[in-house]
Amino acid sequence: MPFKVVSEREVARWSALHEWIVVDTKARAEPEDLQELAAGCNLMVLPTVPDSFGLDALNLIVRDLRRLKIPDSKYKVLLAIVPPPPNSFGAEARESLPAELLFQTTIPRAVVFQKAVLDGVSVGAVKKDRRAKEVSRLYEELGREIIAHLGSQQ
Ligand SMILES: Nc1ncnc2c1ncn2[C@@H]1O[C@H](COP(=O)(O)OP(=O)(O)OP(=O)(O)O)[C@@H](O)[C@H]1O
Ligand SMILES: [Mg+2]
């Protein structure tokens, strides 16, 4: 992997040596966890599959974030596993959510992600899959959006 992966317990040791720290969480964080997660990071990325399960889960989490008075600028939604046309779930989800809540970048559904899991590599490093470069570029794009968003906060 082109980045170091450590457990939560090792973060204290490694955080001082790295500029960017990405924390992965369990599927649905409880309100107490959300409060701490928000306090401990600059931006929460809420990956959401644009179907009824995904959107219901997102609504619950956004409701909790609002109740906890977490500022809107602390979280943003990434539409992911977006099915290809003619399916329009991705576009419909985008229309149903406030524009400021959404990253411009969306991640399409692609088999290359399953291959990456099997091969134990990041998507860009999957061999013989025509979408590997495309989707890894989209994640780079997302990275640039995140950096721009953080820059606009200061
Ligand atoms: N864009 C995508 N297209 C197709 N499959 C995907 C995509 N993104 C993730 N997946 C697949 O979905 C599965 C779960 O992905 P991932 O571990 O990122 O999800 P998660 O929500 O973090 O799961 P968990 O709740 O277990 O932590 C993996 O098999 C992965 O290959
Ligand atoms: Mg996970």
Side-chain angles (χ1 to χ4, degrees), residues 1-15 18 20-66 68 70 74-97 99 101-150:
M1 294 285 182
F3 43 80
K4 188 165 182 69
V5 181
V6 300
S7 78
E8 270 179 77
R9 290 190 181 83
E10 295 172 277
V11 168
R13 164 132 194 238
W14 291 101
S15 60
H18 291 83
W20 298 101
I21 301 159
V22 179
V23 182
D24 189 21
T25 68
K26 61 182 176 185
R28 203 154 308 160
E30 310 296 324
E32 312 85 75
D33 295 337
L34 277 179
Q35 183 84 274
E36 290 180 9
L37 286 164
C41 74
N42 296 100
L43 177 65
M44 301 173 84
V45 179
L46 310 176
T48 301
V49 181
D51 59 19
S52 51
F53 290 117
L55 293 171
D56 283 352
L58 176 67
N59 281 328
L60 292 176
I61 217 154
V62 169
R63 186 197 62 189
D64 287 341
L65 289 165
R66 294 210 174 115
L68 292 164
I70 312 283
K74 265 261 166 140
Y75 52 92
K76 251 174 169 327
V77 173
L78 172 66
L79 294 176
I81 321 191
V82 176
N87 181 297
S88 56
F89 286 2
E92 286 166 24
R94 179 168 292 281
E95 276 165 28
S96 76
L97 295 165
L101 186 62
L102 286 159
F103 286 111
Q104 288 298 318
T105 309
T106 61
I107 307 297
R109 187 175 73 199
V111 175
V112 68
F113 287 94
Q114 272 92 39
K115 293 187 187 167
V117 173
L118 282 174
D119 295 354
V121 297
S122 53
V123 275
V126 172
K127 303 273 184 266
K128 299 193 188 131
D129 188 297
R130 62 188 178 85
R131 304 200 71 186
K133 291 287 165 285
E134 171 201 340
V135 295
S136 72
R137 252 183 244 122
L138 287 171
Y139 268 103
E140 285 167 16
E141 199 86 45
L142 174 70
R144 280 190 286 275
E145 268 197 74
I146 291 173
I147 291 169
H149 180 82
L150 295 176

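Remember, it's 1-based here, ligands and their atoms both numbered in the order they're listed.
Within 4.0 Å of ligand 1, the residues that place a heavy atom are Ala27, Ile81, Ile107, Pro108, Arg109, Ala110, Phe113, Gln114, Val117, listed by chain and number.
The structure places CG of Leu142 at 15.5 Å from CZ of Arg137, a figure rounded to the nearest 0.5 Å. How far CG of Leu78 is from CG of Leu58: 11.0 Å, rounded to the nearest 0.5 Å.
The side-chain contact (heavy atoms from CB on, under 4.5 Å) test with Asp64 is passed by exactly one of Leu34, Asn59, Asp33, Ile70: Leu34.
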Derivation and outcome, side chain to side chain donor-acceptor pair (under 3.5 Å), residues Glu141 and Thr105:
CA-CA 7 Å; Glu141 199 86 45; Thr105 309; 5.4 Å; no
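A salt bridge does not link Arg13 to Glu10: none of the charged side-chain nitrogens sits closer than 4.0 Å to a carboxylate oxygen.
For the side chain to side chain donor-acceptor pair (under 3.5 Å) test, no residue two or more places apart in sequence or in another chain qualifies with Ser136.
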